[in-house]
Amino acid sequence: MSNLQPPRGTADILPQDQRRHRHVTDTAQAIAGRYGFEEMSTPIFEATEVFKRTLGETSDIVTKEMYVFDDKKGRSITLRPEGTAGVARAFITHLRSEPLPLKFFYRGPMFRYERMQKGRQRQFHQFGVELLGVPQPLGDVEAIAMGAHILEALGVADKVTLQINTLGDAECREAYREKLVTYLEGFRSDLSEDSLERLGRNPLRIFDSKDESDRAVVKNAPRLIDHLNQASTDFFDAVKGGLDAAGVAYEINPGLVRGLDYYGHTAFEFVTKTLGAQGTVLAGGRYDGLIQLMGGPPTPGIGWAAGVERLALMTAEAPPAPRPVTIIPRDPAAQTQALVLAQQLRRGGLAVDLGYSGNLKKRLDRANKAGATAAVILDGDSATVRDMETGEQTDVALAGLEDHLQRYR
RNA sequence: GUGGCCGUAGCUCAGUUGGUUAGAGCGCCUGGUUGUGGUCCAGGAGGCCGGGGGUUCAAAUCCCCUCGGCCACCCCA
């Protein structure tokens, strides 16, 4: 029994859940398409370097969450923990001289070695978008508006709020970081263990701490938002103005920081309170330096990723399974005739279920369990169509059957 | 990685201070119906009580380890 369980943090997605997941990604895909985004897929694993360099050596993902292993030739391989690095890599290897901008979306599994919680697994699925080659804040606005649009289409907009922040450009972020660290150094003894850790790695994170003592320290700390240079301020203002114009509601959260090193300027998260501690449902930001950092041509980018499982948990009802029409030969020896008829109707666009064995009673029972809208009881040249909702039966000549069944599509 | 709670039929759960053949509802199967589903009635199958070790005359129940889940921290989708 124990070895028949899927590995920790993974899950079998059975049809009912799969329908929810599909609903999420299909909805996202349809709307992304309206914004001119096209699907692409990158490998599920990459050379470890691809993630190490892009996510930052000190990020949590790289230091403790990656699935890393050596392949048979001794190359270090990593199961992708996120999607942007792979898309950026693919851009560099194939698309660097394509006319910009480029708009992609992707969907698929991601892997992070983490402790389980609701809405958090070791293998999970993301739907993400990347917009490459747009340095203007309009790109940020459009990407965020598209995210909001998708959440609205999924019917979860009222359970979600958008938080935005700016991380500034590289220049002012560095200058600010030094100021902040200097300030925090003065309160070393008041900081929590976690925050001392963060001090070296990602001091901005300390603003997010839930520790009482940390909060007190941070209360009077210098804020990035007060240390932005003019260019960064203008950029942020333009993003906010654009969101206002597009009718996308947001709140500014100065504590919002991206965990990955490649982000700059805009950072945003759509969060919900309905999923416990895992409130983030769709999040992203601008990553202008990433592609160059990976050895590609300087190319600005902005993107986000949404957690499919989390969104599926939030959507109320799974879309119903398609309901077939079932073909039942009155004489079991007419099985082949039933098969031929089923094929013909399927070619005509109907969902058709074939009873495989058993008597009429048993087959009707199965048809009922399969959710059939109607049963076609085949008897020589004619057929009786039984409406499975009302129980009403109509005799139909085989020639007119396909027409008659149109009402059950 | 840290801390807390939990693990009994396919599913949701009950199981008294350790004490004989471990229960219910739903689901599943069969029959009532010599060829018509859903409702109803009757019957039936199905549990090494997550796994391993220990304490005891006796363990689903107590202890340890392990696997898995939930919750919080960390971090994130």
Side-chain angles (χ1 to χ4, degrees), chain A residues 1-11 14 16 24-25 28 55 59-65 80-84 107-128 147 151 160 192-195 197-198 201-202 205-206 208-211 214 256-260 267-272 275-284 303-314 326 328-332 355 358-377 379 384-393:
Chain A
M1 191 68 180
S2 62
N3 57 350
L4 292 181
Q5 289 171 319
R8 182 164 220 190
T10 65
L14 303 179
Q16 196 173 335
V24 170
T25 55
L55 302 179
S59 69
D60 271 54
I61 288 185
V62 170
T63 53
K64 54 180 209 194
E65 292 175 5
R80 63 182 187 191
E82 57 97 42
T84 302
R107 57 174 145 194
M110 303 292 165
F111 304 85
R112 258 120 94 155
Y113 192 91
E114 292 191 281
R115 191 88 169 246
M116 290 289 295
Q117 242 173 284
K118 187 194 194 79
R120 182 213 261 171
Q121 301 161 272
R122 290 183 174 181
Q123 177 180 342
F124 61 105
H125 297 76
Q126 287 188 334
F127 179 94
L151 295 174
V160 142
S192 67
E193 211 173 306
D194 282 333
S195 286
E197 187 67 22
R198 287 184 275 230
R201 291 217 312 258
N202 195 346
R205 271 251 102 85
I206 299 178
D208 252 351
S209 175
K210 285 162 189 165
D211 184 272
D214 285 347
L256 178 63
V257 179
R258 296 259 54 97
L260 311 180
F268 63 92
E269 283 184 9
F270 288 86
V271 297
T272 180
L275 295 177
Q278 276 62 241
T280 306
V281 123
L282 185 158
W304 53 253
V308 175
E309 282 83 356
R310 289 183 185 178
L311 287 172
L313 282 171
M314 290 177 71
T326 299
I328 300 174
R330 178 145 247 147
D331 176 3
N359 57 24
L360 184 54
K361 176 185 169 72
K362 175 154 299 246
R363 291 187 194 221
L364 274 170
D365 189 21
R366 294 216 182 105
N368 185 51
K369 281 170 182 154
T373 49
V376 176
I377 301 164
D379 197 1
T384 301
V385 175
R386 180 177 177 86
D387 185 303
M388 294 299 280
E389 296 293 342
T390 63
E392 195 180 326
Q393 302 202 151

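So you know, we letter chains A, B, ... as the sequences are listed, proteins then strands, and number each from 1.
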key: Note: A/Asp365-A/Lys361 ion pair, threshold 4.0 Å (strictly below)   =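 No salt bridge links A/Asp365 with A/Lys361.
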task = May I ask you to decide whether A/Arg120 forms a salt bridge with A/Glu114, counting only side-chain N to carboxylate O separations under 4.0 Å?
result =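 Looking at A/Glu114 together with A/Arg120, the answer is yes, because their closest N to O distance falls below 4.0 Å.
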Taking the [atom1] atom in each of [N] and [M], what is the distance between them to the nearest angstrom?
N: B/A42; M: B/G27; atom1: P; answer: 15 Å
N: B/G54; M: B/U61; atom1: P; answer: 14 Å
N: B/G15; M: B/G23; atom1: C1'; answer: 7 Å
N: B/A24; M: B/G32; atom1: C1'; answer: 25 Å
N: B/A58; M: B/G53; atom1: P; answer: 15 Å
N: B/C5; M: B/U17; atom1: C1'; answer: 23 Å
N: B/C62; M: B/G19; atom1: C1'; answer: 14 Å
N: B/C65; M: B/G3; atom1: P; answer: 12 Å

Once you round it to whole Å, what is the distance between [atom2] of [N] and [atom1] of [X]?
X: A/Glu392; N: B/G37; atom1: CD; atom2: C1'; result: 16 Å
X: A/Arg122; N: B/C74; atom1: CZ; atom2: C1'; result: 14 Å
X: A/Glu389; N: B/U36; atom1: CD; atom2: C1'; result: 16 Å
X: A/Arg363; N: B/G35; atom1: CZ; atom2: C1'; result: 11 Å
X: A/Arg112; N: B/A77; atom1: CZ; atom2: C1'; result: 6 Å
X: A/Lys210; N: B/C74; atom1: NZ; atom2: P; result: 5 Å
X: A/Met116; N: B/C6; atom1: CE; atom2: C1'; result: 14 Å
X: A/Arg386; N: B/G35; atom1: CZ; atom2: C1'; result: 13 Å

Scan [X] against the nucleic acid and name what it touches under 4.0 Å (heavy atoms): base, sugar-phosphate only, or nothing.
X: A/Gln121; result: base
X: A/Gly119; result: base
X: A/Leu282; result: sugar-phosphate
X: A/Gly83; result: nothing
X: A/Ala367; result: nothing
X: A/Arg198; result: sugar-phosphate

message = Is it the case that the base of B/C74 and the side chain of A/Arg120 share a donor-acceptor contact (distance under 3.5 Å, atom types as modelled)?
response =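 Answer is yes: a donor-acceptor pair is held.
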inquiry  = Ignoring hydrogens and geometry beyond distance, is the side chain of A/Asn368 in donor-acceptor contact with the base of B/G38 at under 3.5 Å?
reply    =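 By the distance-only test, no, there is no pair.
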Nearest to the [X] side chain among [options], which nucleotide is it?
X: A/Phe124; options: B/A72, B/U36, B/A77; value: B/A77
X: A/Arg330; options: B/G4, B/G35, B/G37; value: B/G35
X: A/Glu65; options: B/C75, B/U2, B/C73; value: B/C75
X: A/Gln117; options: B/A77, B/G69, B/C74; value: B/C74
X: A/Gln126; options: B/U36, B/C74, B/A77; value: B/A77
X: A/Lys118; options: B/A77, B/C70, B/G35; value: B/C70
X: A/Glu114; options: B/A77, B/U2, B/G37; value: B/A77

message = I need the minimum non-hydrogen distance between A/Leu256 and A/Phe268, along with the two atoms involved.
response =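 Looking at all heavy atoms of both residues, the shortest contact is CD2-CA, 3.8 Å.
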note = A correct 5'-to-3' footprint of nucleotides 25-34 of chain B, with B, S and - meaning base, sugar-phosphate only and no protein heavy atom under 4.0 Å, is ---SSS--B-
message = Side chains of A/Glu269 and A/Thr280 only: does a donor on one sit below 3.5 Å from an acceptor on the other?
response =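 Yes, side-chain donor-acceptor contact under 3.5 Å.
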Donor-acceptor pair, distance only, cut-off 3.5 Å: does the side chain of [X] make one with the backbone of [Y]?
X: A/Arg80; Y: A/Pro109; result: yes
X: A/Ser195; Y: A/Arg198; result: no
X: A/Glu389; Y: A/Thr373; result: no
X: A/Arg310; Y: A/Gly119; result: yes

request  = For A/Arg8 and for A/His125, locate the closest nucleotide of RNA chain B by heavy-atom distance; then report the residue assigned to the nucleotide nearer the 5' terminus.
outcome  =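 The answer here is A/Arg8.
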Nearest-nucleotide comparison on RNA chain B, the residue closer to the 5′ end among A/Lys64 and A/Thr10 =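 That would be A/Thr10.
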Atom pairs, N/O to N/O, protein against nucleotides 64-66 of chain B, distance under 3.5 Å?
none

remark   = Writing each nucleotide of RNA chain B 5' to 3' as (, ), [, ], | or . by Watson-Crick or G-U pairing under 3.5 Å yields (((((((..((((.....[...)))).(((((.......))))).....(((((..]....))))))))))))....
ask   = Quick one: does NZ or CZ of A/Arg122 land under 6.0 Å from the six-membered ring centre of A/Tyr113, within 45 degrees of the ring axis?
value =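 Because its charged atom sits under 6.0 Å from the ring centre and within 45° of the axis, A/Arg122 does stack over A/Tyr113.
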